Structure formats: structure tokens, C-alpha cells
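Beneath this line is the structure, given in C-alpha cells, with notes to follow.
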Amino acid sequence: MANVEGLRVTVQGDLPGDVMEKITDAVRQATLAVIAELDMAPSLHAQSFTEPEMSPQELDFDITGGLVTGGVVARLSGGGL
Amino acid sequence: LKAADPGVTCPSSTCTPGNLLLGIVRPNGHVAALRNPIPIDKAFVDKASEVRRAAEMRFRFAGPCVTTACQHWTGARCEVSDAVTRTVTATSEQPFEPRPCAIRSSCRWWSQNGAAACRACSFVVHSRDISD
């Protein structure tokens, strides 16, 4: 099966909820700042519709706060873009 | 711009605060959809504007369908949806199963052309760089 996970950012930690929210918001802003500067698109003069069907490619962007032991874990995995 | 038809979503809108980041244009020109579209704010728009090429060339955004305020509104339909659907339908013979989509229930293209519009969607880029 093709990798359908283009990007996943997870914030988990055994910390008070308001702290997790602050951290999550900070990670979200930092991640969005990086995404905003992405420029991977080719120079498109005309877009062909005749290319073979692609396997589904999805970019999963999900930032959630959660409680686990072991403190704060920020995990970023790239691929599929 | 406010939606002229409240509740209907344009899947190829502009980089405007309040709109949703729907996908990222990949190096092959196709759009990688975000499983969960992200509302964009002014900070994102400002950051995106620092890049030479417009955000609408690099990303896909969803926003309110503004009907008569859009150059692609024919008076009753979105001509972009019809055009891309027509092209893809004419060149695709394989069966197609639409993938999950966060905006489908309110999507203008879906309401006009159903699954055929979904098939075309990932091929669509809002803008191209005429200076390239």
C-alpha cells in the first residue's frame, strides 16, 4: 500500500491541559509558517488531464494534544508530498 | 467577499484569512489534499506572500462560493467545475471512487458534477505563473 501519510504532526504530553494547548498552538503556528513558504509546484503553462490515475495521496495534518507518560513528544514524519 | 450563496464552498478559492488550506501542489503538479483542511489566518497569508510565486500557485484553498462576484459564474453554474469535469471525463475510462473530503457536503463542484468533479479536483491549480 502506498504511503498515504504526507505529513503528521503530533503533540503529546503528560502535562496540564492549558500547557498542552499552548504547546500545540506554538507547534501549529511554527508548522504553518514552514508550510506557507513551500513552493514545490512546477511551472504550469497547461495542466494535463491525461496522466495515469494516481494512487491516493493524502497529506495528513493533525495536531492534537494528548496525555501520555514521558513528557512532551513532538513527532513529525514527512513523505508522500 | 461574503458568500452570495451561504453555505456553498468553492474548492479553488484564494489565500484569504478565514479560508481553508485544502491542499499543497506537489512537484508533479497534482494536489496533495489535507485530510483535515486548516483554517488560515493573516499570519499564514503574510508568510505565504513573502514567497515569489503566489500562494494560489502553490496551494489550494477553499472558501465561500461568491457566485456573481466570481468571473467563472455563468449565472447559474461554476464554469470551472464544468470545464475540468468535462476534460477529465473525456480522458478517463477507469472507474473512480471518490476519496473522503472534508468539504464535499458543501462543495459547489460536487453539487454540480458529483464524483466526476472529485476526480478532476486534484488536477486543478488555481493560478499559474505567466512569467515562467
Side-chain angles (χ1 to χ4, degrees), chain A residues 1-13 17 20-66 73-81, chain B residues 15 21-41 43-59 83-101 119-120 122-125 127-132:
Chain A
M1 180 179 172
N3 177 18
V4 296
E5 184 175 325
L7 174 66
R8 178 186 292 271
V9 181
T10 302
V11 179
Q12 296 177 316
M20 288 303 297
E21 284 183 20
K22 283 184 181 178
I23 294 171
T24 298
D25 188 55
V27 172
R28 181 194 301 276
Q29 292 300 327
T31 305
L32 282 173
V34 173
I35 291 176
E37 293 184 323
L38 290 177
D39 187 1
M40 299 183 293
S43 298
L44 297 176
H45 292 286
Q47 179 72 347
S48 170
F49 292 107
T50 58
E51 295 182 34
E53 288 289 323
M54 293 177 60
S55 59
Q57 295 285 346
E58 233 174 33
L59 191 153
D60 180 0
F61 187 96
D62 187 17
I63 299 178
T64 54
V73 177
R75 184 184 69 213
L76 287 80
S77 59
L81 283 177
Chain B
C15 183
L21 176 60
L22 198 59
I24 300 174
V25 182
R26 298 153 51 95
N28 65 3
H30 296 174
V31 177
L34 276 70
R35 186 174 299 173
N36 299 308
I38 305 168
I40 59 171
D41 56 14
F44 181 93
V45 174
D46 289 346
K47 194 75 174 176
S49 69
E50 294 174 4
V51 178
R52 184 183 69 84
R53 297 202 295 175
E56 289 84 356
M57 299 174 193
R58 301 177 283 124
F59 306 106
V84 297
T85 301
R86 203 163 43 239
T87 305
V88 169
T89 301
T91 57
S92 301
E93 296 177 353
Q94 298 174 6
F96 174 75
E97 186 68 28
R99 294 156 43 197
C101 173
R119 183 174 215 156
S122 69
F123 294 97
V124 177
V125 177
S127 304
R128 60 191 175 98
D129 190 347
I130 58 175
S131 67
D132 282 345

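Quick caveat: nothing in here was measured; it's all calculated off a predicted structure. Labels below follow one simple rule: chain letters A, B, ... track the order of the sequence lines, proteins then strands, and each chain is numbered from 1.
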For B/Asp41, check side-chain hydrogen bond (donor to acceptor under 3.5 Å, both in side chains) against everything at least two apart and list the hits.
-> none
Look up atom OG1 in A/Thr31 and atom CD1 in B/Ile38, then write down how far apart they are to the nearest 0.5 Å.
-> 8.5 Å
Which atom of B/Phe59 lies closest to which atom of A/Leu38, heavy atoms considered | CZ-O, 3.9 Å
Heavy-atom pair with the smallest gap, counting every atom of B/Lys47 and A/Ala33 = CG-O, 3.7 Å
Below 4.5 Å from any heavy atom of chain A, which atoms of B/Leu21 appear? Answer side chain, backbone, both or neither.
-> side chain
What closest approach, in Å, do B/Arg58 and A/Ala41 show between heavy atoms, and which atom pair accounts for it?
-> CA-CB, 4.3 Å
